[in-house]
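Read through the structure below, which is laid out as C-alpha cells, and then see the notes.
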Amino acid sequence: MTADMEPIGEAFTCTGERSAGQAARRIVRDRAAKVIGDAGRLDDIELMTAEAVANAVLHGSGLITVDVRTDRRLLRVEISDEGPGHEDTGEVLRLDHGRGLVVIDALAAEWELEQSAGGTHLWFTVEVPRM
C-alpha cells in the first residue's frame, strides 16, 4: 500500500524523550493538515500518533521513526522503533495493556502492529474527506 502513497515530508526520527513525542504529534498534525481540513479528524490523528509514540517509548528502544503518506484517499501514519517485539515466553501477548491500541482501533480506518526481533512497526490509516 505505501508504494502507491506519496510521502508528506521526509520521515523523521525522535528519541524517547517527552519533548520529542510532543514534537512528533505536532509534526504529524501539521503534515496531515495539508490534505485534511477537518479539525476534529486532525485531533484524532494527533491522538493516535501520541498513543503510538507512547507505546514505542514504553515498549520499544532506540530511535523512533515516523512517516506520513497519502494517496489523496487515505492518510497513513507509520511509527517504528528499533526494539524487539515481545519475547516468546509462552505467555499470551496482551495488546490491551493500556488504552493506546484501543484508541487507534476505534479511530483508524485500518491499522496493524507488526513485531519482530528487529523492531516494532505500527501503522494506521484515516480516510481523507473529499473536498
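Because the structure is predicted, anything quoted here is derived from the model rather than measured. Values below: all heavy atoms of this structure, side chains included; hydrogens, waters and symmetry mates excluded.
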Are [X] and [Y] close enough that some pair of their side-chain heavy atoms sits under 4.5 Å apart?
X    : Y    : result
T125 : L75  : no
M5   : L74  : yes
V28  : F12  : yes
F124 : L107 : no
V128 : T70  : yes
I104 : L47  : no

>> Using the side chain to side chain donor-acceptor pair (under 3.5 Å) criterion, which residues pair with S80? Sequence neighbours excluded.
In response: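 So S80 forms a side chain to side chain donor-acceptor pair (under 3.5 Å) with H121.
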> Who pairs with D38 by side chain to side chain donor-acceptor pair (under 3.5 Å), at least two apart in sequence or on another chain?
Replying inline: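 Result, side chain to side chain donor-acceptor pair (under 3.5 Å) vs D38: none returned.
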How far does [atom1] of [X] sit from [atom2] of [Y], to the nearest 0.5 angstrom?
X    : Y    : atom1 : atom2 : answer
I64  : N55  : CD1   : CG    : 10.0 Å
E78  : E114 : CD    : CD    : 8.5 Å
T120 : Q115 : OG1   : CD    : 4.5 Å
D4   : R69  : CG    : CZ    : 10.5 Å

Residues in salt bridge (Lys or Arg N to Asp or Glu O under 4.0 Å) with [X], at least two apart?
X   : result
R31 : none
D44 : none
D43 : R29
E51 : R99

>> Enumerate the salt bridge (Lys or Arg N to Asp or Glu O under 4.0 Å) contacts for residues 56-66, please, sequence neighbours excluded, ordered by first and then second residue.
In response: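 The answer is none; no pair qualifies.
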Partner set under side-chain contact (heavy atoms from CB on, under 4.5 Å) for [X], not counting sequence neighbours:
X   : result
A23 : R26
A33 : L42
L58 : none
T15 : E17, A20, L63

>> Quick check on E112: does its CD atom have over 12 non-hydrogen neighbours (other residues, nucleotides or ligands) under 6.0 Å away?
In response: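 Counting other residues, nucleotides and ligands, CD of E112 exceeds 12 neighbours.
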